[in-house]
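Before any comments, here is the structure.
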Amino acid sequence: MSAWLPTAPCTPQLCAPRSGGLRRGPFAASARLLAGVAAVVLGILLVPLVALFDAGLRDRLTRGWTRTVIRLFGLRIRVEGAGPELSSGAPGGVLVVANHISWLDIPLIATLYPGRVLAKSDIRRWPVLGVVAELGGTLFVERERLRALPGTVRDIRDALRAGSRVIVFPEGSTWCGRDQGRFTNAVFQAALDAGADVRPVRIGYRPLGPAAFVGDDPLAVSLWRIAVAGGLTAEIEVLPLIPAGSHPDRRSLARAAQGAVAGAAHTAVAGAAHTAVASDSANRPASSVHQCANSIPAPASSERTVV
């Protein structure tokens, strides 16, 4: 693993507890899991067909599919601050950037902003899913090869110039949701070069623990933890658009986007912690999980990059 790759100090043991809160019984959890996985598989099988439709219909179908997947896994969806382009049907050409907590982030973003996701190049070599990802317009980054990064930036720039909506998780690794990593600068250069707006988005889950997909957490364990957990809510907060040309360089643009997401995240976490204390329903203080993102040295296995 390259030393320059982003890592997070969060671990499944501290950030994704398997006890506490509402829980479904084994039968109900199994039904949720089977329904969710079936919806995912059906969507994957239909990708080649949907790719033949016009962009507007593809977006509507994608939104409906991803919303169905999230709900079948037992999560409610809450949206705040929807931008005007959601209702006006304005074209893409926007770089959508968000914090990264779980594999659920990808379908959650797509419930509002279907687009071309930036993913690690390993996915291209996966059986079946690799072909599906390419058919779906996925952009790939070779995370182990720093020299390949300029080419990835050019690909994102060209997609933005063509009017595509590009979804990126600039932290480069999943975090527990109590805190977040630094946004890398490279993808913001693509927005500058393309003259594209940037749309920051905050992703959150309540409670945070079950949805967190961090460290060396196996996907199967994460799927079951989500299926078992009851009362989960997936949150997506659409933050004010950062217009093209409003920042002189990629660093200041990255800082502006990260600051917007971090500010919204801290406000949400503070509100959740206040509610938990007031109701005396939390089994673990919020600060004990927050600490895992600040004071624990990151082990080599702590990296979990979904895209």
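Note that these values count all heavy atoms, side chains included, but never hydrogens, waters or copies made by symmetry.
In the hydrophobic clustering of this structure, Ile44 does not group with Val50; members are Ile, Leu, Val, Met, Phe, Trp, Tyr whose side-chain heavy atoms approach within less than 4.5 Å, directly or through other members. Val41 is connected to Val69 through a chain of hydrophobic side-chain contacts under 4.5 Å among Ile, Leu, Val, Met, Phe, Trp and Tyr, so both are in one cluster. Residues Ile226 and Ile109 fall within the same hydrophobic cluster, defined by Ile, Leu, Val, Met, Phe, Trp and Tyr side chains chained together at heavy-atom separations under 4.5 Å. Under a hydrophobic clustering in which Ile, Leu, Val, Met, Phe, Trp and Tyr are joined whenever their side-chain heavy atoms come within less than 4.5 Å, directly or via other members, Leu42 and Leu104 fall into different clusters. Placement of Leu49 and Leu61 within a single hydrophobic cluster is found when ILVMFWY residues are connected by side-chain heavy-atom separations under 4.5 Å, directly or transitively.
Counting only distance, with no hydrogens or angles, the side chain of Arg202 and the backbone of Leu239 share no donor-acceptor pair below 3.5 Å. Judged by distance alone, the side chain of Trp224 and the main-chain N or O of Ser30 form no donor-acceptor pair under 3.5 Å. Proximity of a side-chain donor or acceptor of Arg161 to a complementary backbone N or O of Gly195 within less than 3.5 Å is not detected. Between the side chain of Arg32 and the backbone N or O of Arg71, at least one donor-acceptor pair lies under 3.5 Å. A donor-acceptor pair is defined here as one N or O able to donate and one able to accept, closer than 3.5 Å; such a pair exists between the side chain of Asp105 and the backbone of Ile101. A donor-acceptor pair is defined here as one N or O able to donate and one able to accept, closer than 3.5 Å; such a pair exists between the side chain of Ser102 and the backbone of Ala211. With hydrogens and angles disregarded, a donor-acceptor distance shorter than 3.5 Å links the side chain of Arg58 to the backbone of Phe53. Glu237 places no side-chain N or O within 3.5 Å of a backbone atom of Glu80 that could act as its donor or acceptor partner. Remark: side-chain polar atoms of Arg157 are not paired, donor with acceptor, to backbone N or O of Asp193 under 3.5 angstrom. For the pair Arg76 (side chain) and Ala234 (backbone), a donor-acceptor distance under 3.5 Å is absent.
Of all non-hydrogen atoms in Phe183 and Asn99, the two that sit nearest each other are CZ-N, 4.4 Å. Between Arg199 and Leu241, the shortest heavy-atom distance links the atoms NH1-N, 3.2 Å. The shortest heavy-atom contact between Ala257 and Val97 is CB-CG2, 4.0 Å. Shortest non-hydrogen contact noted between Ala254 and Asn185 is CB-OD1, 3.3 Å. Nearest heavy-atom pair across Ala196 and Gly93 is CB-O, 3.3 Å. For the residue pair Pro240 and Pro200, the shortest heavy atom distance occurs at O-CD, 3.4 Å.
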Stepwise side-chain contact (heavy atoms from CB on, under 4.5 Å) test for Ile156 and Leu118: CA-CA 8 Å; Ile156 298 172; Leu118 181 66; 4.1 Å; yes

Residue pair Arg63, Thr111: steps toward the side-chain contact (heavy atoms from CB on, under 4.5 Å) verdict: CA-CA 4 Å; Arg63 289 187 181 114; Thr111 63; 5.6 Å; no

CA sep, side-chain torsions, deciding dist, call: Ile242, His247, side-chain contact (heavy atoms from CB on, under 4.5 Å): CA-CA 9 Å; Ile242 302 177; His247 290 270; 3.7 Å; yes

Pair Arg182-Gln258, side-chain contact (heavy atoms from CB on, under 4.5 Å): steps then yes or no: CA-CA 7 Å; Arg182 183 182 67 84; Gln258 179 180 333; 3.6 Å; yes

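In this structure, CG in Leu219 is found 8.5 Å from CG in Asp217, a value given to the nearest 0.5 Å. In this structure, the separation between CD1 on Ile236 and CD1 on Ile77 is 9.0 Å, given to the nearest 0.5 Å. Going from atom CG of Leu33 over to atom CZ of Arg24 covers 11.0 Å, rounded to the nearest 0.5 Å. Between the CZ atom in Arg67 and the CD1 atom in Ile70 there is a gap of 8.0 Å [rounded to 0.5 Å]. A distance of 10.0 Å separates CZ in Arg250 from OG1 in Thr184, rounded to the nearest 0.5 Å.
No side-chain heavy atom of Tyr113 sits less than 4.5 Å from a side-chain heavy atom of Val94. Contact check for Ile203 versus Leu108: side-chain heavy atoms found under the 4.5 Å cut-off. Looking at Pro170 and Phe188, their side chains come closer than 4.5 Å, going by heavy atoms from C-beta outward. For the pair Arg116/Thr138, no side-chain contact is recorded, criterion being any heavy-atom separation below 4.5 Å from C-beta on. At least one side-chain heavy atom of Ile106 sits under 4.5 Å from a side-chain heavy atom of Phe169.
Ring centroid separation for the pair Phe73 and Trp103 comes in under the 6.0 Å cut-off.
The one candidate from Ile167, Val166, Val168, Val187 that meets the side-chain contact (heavy atoms from CB on, under 4.5 Å) condition with Leu139 is Val166.
If you check the side chains of Asp59 and Thr62, you find no donor sitting under 3.5 Å from an acceptor.
Contacts of Tyr205 classified as ring pair (Phe, Tyr, Trp, His ring centres under 6.0 Å), with partners at least two apart in sequence or in another chain: none.
Using a cutoff of 4.0 Å between basic side-chain nitrogens and carboxylate oxygens, Glu235 and Arg206 are scored as salt-bridged.
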